[in-house]
Amino acid sequence: MADTGEGKKEESDYKRLHSFPLIRHTDMPEEMRVEAMELCVTACEKYATNNESAAKMIKEMMDKKFGSSWHVVIGEAFGFEITHEVKNLLYMFFGGSLAVCVWKCS
Amino acid sequence: MPAKAGDKQRQGQSGPSGGKPVPPKPAKPAYKRRDEDVSTEAVEVVDEAGNILVKPPDQLELTEAELKEEITRVLTANNPQAPQNIIRYSFKDGLYKPISHVDQMAIHFSLNGNLIPKDSDEGRRQSLKLTTAAEKAPVETSATAPEEAAIKDEERTEDTQAAGEGEAEESGTAEAAEAADAEEPPPPAVKERKLANQFNFIDRPSWTPRYPVRDRACQSEPTPCKTLSDDINQWVIHDAYVEELRKREESKEKEKPKAQVAKKEEKKTKKKGRKLISLDSQSDEMNKISKAAKIVERMVNQNTFDGIAQDFKYFEDDSDEFRDQKGTLLPLWKFQYEKTRRLAVTAISWNPKYKDLFAVGYGSYNFMKQGKGMLLLYTMKNPSFPEYIFRTESGIMCLDFHNDYPYLVAVGFYDGNVAIYNLKKATSQPSYKSNAKSGKHTEPVWQVKWQKDDMDNNLNFFSVSSDGRIVSWTLVKNELVHTDIIKLSVEGTAMQGPEGLQLQTLGCGTSFDFHKKIDYLFLVGTEEGKIYKCSKCYSSQFLDVFEAHNMAVDSVSWNPYHSKVFISCSSDWTVKIWDHTIKTPMFVFDLNSAVGDVAWSPYSSTVFAAVTTDGKAHVFDLNVNKYEALCTQLVMNKMKSKITHIQFNPVYPVVVIGGERGFVVTLKLSPNLRKMPKEKKGQEVKKGPEVEIPKLDKLLKLVREPENTTEE
């Protein structure tokens, strides 16, 4: 019981601790990166249960701001192979268990 | 009358065709006259013939008698519309006259017909054509065509007759026209010839210029793309977070102790880095344009002082011919630097390599007021600003360029130090400097002179100072090492010091000069007025002593050509020329004022110049005048400014003079002062030492012999 209690505590702790956005790989310029990151965080928090809506929101916002044909994938476990335009890729973790990959390719 | 004529016209009978006057037939409608009243209404009346007549309400009421009255009318063939009283100006009579005959013809209708007489050329041609066309076409049509025409004609004539009297004339002409028309349509119909249109249109096509069309295609480069592939799972995410947290903790620990300091340093370095970067970039930019700026500066100077530059190069004072062997000094550039205004020029020296570059040392002769000094290098190409500026802590007293390394300047200071400046390096500090430990003088250094490299190929120079020592400084392994060469002991002043030591008072050396050819031989002038001839080899004894002057010897200088002659000047107003083998001077010149400096000219063995404290420059040529100066010229106007130094330019006929107020002037020697030996016809002009030496020898002999005789 104690173990599981502690386990739960750890889990919640871990979630609390690990919920900050962590960039795994990006080659965006500074300003774009910051904006995209904030956008992803906003979207994921808003649509915490629905990844598709979050992705939709992110994609549409990015299209508006930075030009057409952005692609967004949000999930907890996936593998990918993508072609992206140089300086237009953001691959980050968020919320302890979510991974967001945003890239541009027309 | 006109009204009635109008009536007639209405009825349709006009003059030309009618001709015959028709008796008037006034219409007499039978009407019931009503005596009772004059009715204004239209009344229907029945005529005799049975016609119903309508009487207008405003018809004239006439009596029977009036009605029966016969009125005669005459119809003439006159045109009622034609004017009857035309007045025209008659040039023959010179007045207006009525025209008697007026044209009465009135044309009512005209139509241009196109009837051609059959007998004319055109008519025959047409008839020929008609016949040929008729032959070709079936006979029936040709037969029917004229028949139709004939029928048409008949119809038309009938029509016209039925139309009425009034159109007789018109119909007549119309008939003819129609007949002609009838004839013509068939032949054109047969021939199918195009009729010219009524309005005579002409086709005139035109074409706008066609612009050449060119194909052009372009393809943009595709945006650069990269591929990324990865695989994520929960554990990957978890690991990443853990790692990140760990890193953050570590950095936090590091930050705490060094937080403030490190941050500040970082900030500083960042700022400095930025500043440095910006400065560097600035200085890079400055460097790029520095060369160009320098050239521009020199050009501006040349343009500003264009007259002087021209004078320097080309001006030869022609009036020298008339001046009876006297010459002048033409002032050229003035060199001033604001920071040296309070300093006196203490030394001038020309650079051996760059003939337009000269160094000026600034200091102060005033014992009480000793401040800082400066070393400036000017070039004649830029009189507004010195090329090199060196600040020194102590006033400079003397300087000398090295002959082989023109970028090395040896400098002697008022505080007894000596230093070497390297012009190639950009620092403002001397490359090597002596100090108290390394044996600097205890008194001002009055003169320094470079020597030939010693046996170890080290640079070395000599210095003379008021402390009575002549010291040789050698540059050994980047250090100045001094060696006392000689001490100027004053003869006969050996005193008995405590414990049996003999103290010798030392004379104060004020100037020296090394012989050009004989290496070890040099002269030293002292404050007591004596000149010692010394040798480098003997450190305690002099070779000879000359009782030269009554006051301090300001300058001694060997003649550049003649190996035996030297000159000395002193504050006792005299300049003396010596032969070093003879104790007494060859020539003595009294200049009425303390002489600051004297210099031989590099181009002639008999020309020298001296400057005095009253601001005058004297130029002598012994060959021309043994007793008087060829030129005595006031160089500095102000009373307080004494001239301190003079130097000849080794190449150009220019002297540079420095004064006590810190300014430097250059003057050009007029031709009279630069006289070369005259050419004898047919002989080559020899220049150089060969000529100069005998020249001076001759003079000396003149001077010597009487002395020899007097001695005897």
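Below, chains carry the letters A, B, ... as their sequence lines are ordered, and counting in each starts from 1. Computed from a predicted model, the values in this text were never measured in an experiment.
Looking at every heavy atom in both residues, B:N233 comes nearest to A:A77 through OD1-CB, 3.6 Å. Between A:G96 and B:Q234, the shortest heavy-atom contact is O-OE1, 4.3 Å. In terms of heavy-atom proximity, A:R24 sits nearest to B:V236 at NH2-CG1, 3.8 Å.
Most heavy-atom pairs under 4.5 Å with chain A: of the set B:D231, B:T227, B:D230, this distinction falls to B:D230. Most heavy-atom pairs under 4.5 Å with chain B, from the set A:H25, A:E85, A:K104: that is A:E85.
For B:K355, the NZ atom sits in a packed shell: over 12 heavy atoms of surrounding residues, nucleotides or ligands are nearer than 6.0 Å. When the shell of 6.0 Å around CD of B:E250 is examined, it contains more than 12 heavy atoms from other residues, nucleotides or ligands. Within 6.0 Å of the CD atom in A:E81, the count of heavy atoms belonging to other residues, nucleotides or ligands exceeds 12. Within a 6.0 Å sphere centred on NZ of A:K56, heavy atoms belonging to other residues, nucleotides or ligands number 12 at most. Within 6.0 Å of atom OH in B:Y405, 12 or fewer heavy atoms from other residues, nucleotides or ligands are found, so the atom counts as exposed in its surroundings. A 6.0 Å sphere centred on NZ of A:K65 holds more than 12 heavy atoms belonging to other residues, nucleotides or ligands. Dense packing is recorded around CZ of A:F80, with more than 12 heavy atoms of other residues, nucleotides or ligands lying under 6.0 Å away. The number of heavy-atom neighbours closer than 6.0 Å to NZ of B:K381, taken from other residues, nucleotides and ligands shown, is 12 or below.
Contacts of A:L89 with chain B are made by side-chain atoms alone, with heavy-atom separations under 4.5 Å and no backbone atom involved. Only the side chain of A:D27 comes within less than 4.5 Å of a heavy atom in chain B; its backbone stays farther off.
Put simply, the side chain of A:F94 does not reach to within 4.5 Å of the side chain of B:I237, judged on heavy atoms.
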### Task
Could you check A:F93 against B:H238 for side chain to side chain contact (heavy atoms under 4.5 Å, CB included), going step by step and ending with a plain yes or no?
CA-CA 10 Å; A:F93 299 147; B:H238 178 80; over 6 Å; no
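Using a distance-only test at 3.5 Å, with no hydrogens or angles considered, no donor-acceptor pair links the side chain of A:Y91 to the main chain of B:L228. Distance alone, capped at 3.5 Å, places no donor-acceptor pair between the B:Y241 side chain and the A:S97 backbone.
Rounded to the nearest 0.5 angstrom, B:E243 CD and A:L22 CG are separated by 10.0 Å.
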